[in-house]
Amino acid sequence: MTFEQILPILLIIPILSLLLNFILMVFFVYILKGNGFKTKDQMEVENKILANLKKSRLESTQIVSDAAEKAKEIIASASKTSEEIQSKMQEIGNKSYESLHKGLEEESTSITNQFKVNYGKLMEEYRSSSQKMMINLQNAASQIQSNLQEDLKSQAVAIFSQMRDNTQKQIQETSQEINLYREDAFAKIEKEAKEMVKKSIADYFNTQIPLDSQEEIAMKSLEKFKEENKN
Amino acid sequence: MEGQNKANILELLEFILTKRDLDIFLNTVKKVLDSTYSSQENVENILNENLSIDLSDAVINSAQDSLIDLKNSSSTRQFFQEILDTLSNQPTVDITLAFTPSRKFAKKIAKWFRKEVDSRTLLNIKTDEDIIAGSIIGKDGRITDVSFKKLILEQ
């Protein structure tokens with residue numbers, strides 16, 4: 001039986017005791033007034049009533065005191081019970097905590113193991129990926145180096161080709177300039193030679209070739225042409 | 001009849017001695033042909049305006065000998081088209097002289113060539129003082145240099 005269940009009973013008991021005393025007192029008053037005792041008798045009766053009242057008061061006080069004591073005991077008992085309950089609860093709590101802790105430890109261990117396994121896998125994957133990455137990097141670097149070499153080679157070839165073309169162009173231009181200069185020089189020489197020949201002929205004939213002589217020479221040249229083209 | 005026409009046309013070469021003469025003559029022939037389509041101009045007027053009197057008369061006489069009525073557009077067109085076809089591809093000789101020849105001397109050379117080389121030869125006369133004297137003759141892609149210049153250079 002818990003303290004909360006006992007508490008109403010403990011409160012009702014003193015009240016019931018007071019009510020019973022009151023009823024008893026009314027009863028005695030009624031008896032005294034209804035029977036019509038004599039003064040002495042009445043005094044005796046009153047004394048008795050007073051004595052009874054006093055007694056009743058003492059009894060009721062005693063009852064209340066007893067009830068209070070009892071209530072205290074019960075409260076104390078209830079308190080003890082509460083402490084026991086708390087103790088039990090504490091014990092249960094401790095056990096639960098231990099159990100929980102133990103469970104948590106197991107869970108933690110399981111998680112740690114799982115984590116180790118997953119971490120190991122991750123590390124393995126990472127290692128594998130790193131190796132692949134390194135291989136890919138090496139291949140890429142090799143490819144880049146190869147491409148770079150090819151580029152450099154083609155650029156070098158292009159530069160040399162350009163240089164060769166430029167040189168050829170320069171040689172060609174120089175050759176053309178030389179030819180132009182030579183033609184110009186030859187033209188001057190030829191012109192001077194012609195002038196010299198003209199002058200020589202003019203000196204020889206004492207004048208320039210006259211028109212009739214030119215016509216005669218031209219006709220003679222036609223005969224020469226005819227002879228040369230006979231065959 | 002057609003052969004006679006051609007012979008009459010070739011007789012015109014007596015008045016056409018040089019390549020330049022032929023170019024002027026053929027341009028005139030083309031003008032005549034154009035006029036036969038418009039019927040605006042008189043053929044004889046075109047000939048007289050563009051050719052020498054001798055050549056113009058020779059063409060008119062040639063048309064008469066070929067019984068061509070120059071007032072008839074159709075027959076005129078046919079006659080002049082035949083002239084154009086016949087004379088367009090005449091043999092030409094290139095001759096370079098040291099002087100500019102007179103018309104008379106050019107005619108003399110042309111006649112010499114027609115007598116000695118080809119009766120229909122046309123001259124394409126050029127002038128180059130540098131050859132000093134003599135001539136350089138080009139015929140059928142072959143050049144014969146009989147100039148003083150060559151003679152002196154060979155000496």
Side-chain angles (χ1 to χ4, degrees), chain A residues 161-162 164-231, chain B residues 17-20 90-155:
Chain A
S161 177
Q162 184 70 35
R164 187 192 60 199
D165 292 346
N166 289 340
T167 307
Q168 282 179 346
K169 195 178 174 185
Q170 284 174 353
I171 289 169
Q172 199 174 358
E173 285 173 357
T174 308
S175 178
Q176 283 175 349
E177 285 175 6
I178 289 169
N179 284 336
L180 284 172
Y181 176 76
R182 187 191 296 157
E183 284 170 9
D184 189 45
F186 281 168
K188 283 178 183 172
I189 291 166
E190 195 177 344
K191 191 180 176 184
E192 285 176 9
K194 282 175 188 171
E195 291 298 325
M196 285 172 69
V197 169
K198 275 183 186 175
K199 190 171 182 299
S200 300
I201 290 167
D203 290 345
Y204 182 76
F205 288 106
N206 283 327
T207 179
Q208 285 189 332
I209 302 172
L211 185 62
D212 56 344
S213 297
Q214 281 280 14
E215 289 178 352
E216 192 178 343
I217 293 166
M219 291 308 293
K220 294 278 184 190
S221 72
L222 295 183
E223 294 293 337
K224 186 80 175 167
F225 161 78
K226 184 182 170 185
E227 282 178 22
E228 286 188 10
N229 286 277
K230 263 184 181 174
N231 299 323
Chain B
L17 300 175
T18 65
K19 182 81 168 50
R20 186 169 172 274
Q90 292 302 307
T92 304
V93 169
D94 294 321
I95 180 166
T96 304
L97 299 171
F99 62 101
T100 305
S102 63
R103 178 77 187 166
K104 185 181 172 186
F105 186 67
K107 199 170 180 178
K108 186 179 176 182
I109 299 172
K111 283 185 176 176
W112 183 90
F113 268 100
R114 287 190 178 173
K115 182 184 173 189
E116 303 291 341
V117 182
D118 189 319
S119 61
R120 292 180 297 163
T121 300
L122 293 170
L123 291 183
N124 187 21
I125 300 172
K126 298 173 185 175
T127 305
D128 183 2
E129 290 181 5
D130 290 344
I131 68 170
I132 303 167
S135 62
I136 300 172
I137 298 157
K139 184 175 178 297
D140 300 331
R142 184 180 173 187
I143 293 171
T144 307
D145 190 343
V146 279
S147 68
F148 268 33
K149 179 185 175 184
K150 186 190 174 192
L151 193 69
I152 292 165
L153 290 173
E154 281 177 351
Q155 292 296 318

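Note that the structure is a prediction, hence the values are computed from the model and not measured. Reminder, nothing fancy here: chain letters follow the sequence lines and each chain counts from 1. Worth knowing before you read on, the calculation uses all heavy atoms, side chains too, and leaves out hydrogens, waters and symmetry mates.
- In this structure, OG1 on B:Thr144 lies 11.0 Å from NZ on A:Lys224, to the nearest 0.5 angstrom.
- Looking only at side-chain heavy atoms (C-beta outward), A:Glu215 and B:Lys108 stay at 4.5 Å or farther from each other.
- The 12-atom threshold is not exceeded at CD1 of B:Ile143, counting heavy atoms of other residues, nucleotides or ligands nearer than 6.0 Å.
- Considering only heavy atoms from C-beta on, B:Glu116 stays 4.5 Å or farther from A:Leu222 through its side chain.
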### Query
Stepwise, does the side chain to side chain contact (heavy atoms under 4.5 Å, CB included) test hold for B:Phe148 with A:Ile217?
CA-CA 9 Å; B:Phe148 268 33; A:Ile217 293 166; 3.8 Å; yes
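- Between the CG atom of B:Asp145 and the CD atom of A:Glu228 there is a distance of 9.0 Å, given to the nearest 0.5 Å.
- Residue contact with chain A, scored on non-hydrogen atoms closer than 4.5 Å, involves the side chain of B:Ile95 exclusively.
- The number of heavy atoms from other shown groups lying within 6.0 Å of CD (A:Glu216) does not exceed 12.
- Rounding to the nearest 0.5 Å places CD of A:Gln214 at 10.5 Å from OG of B:Ser135.
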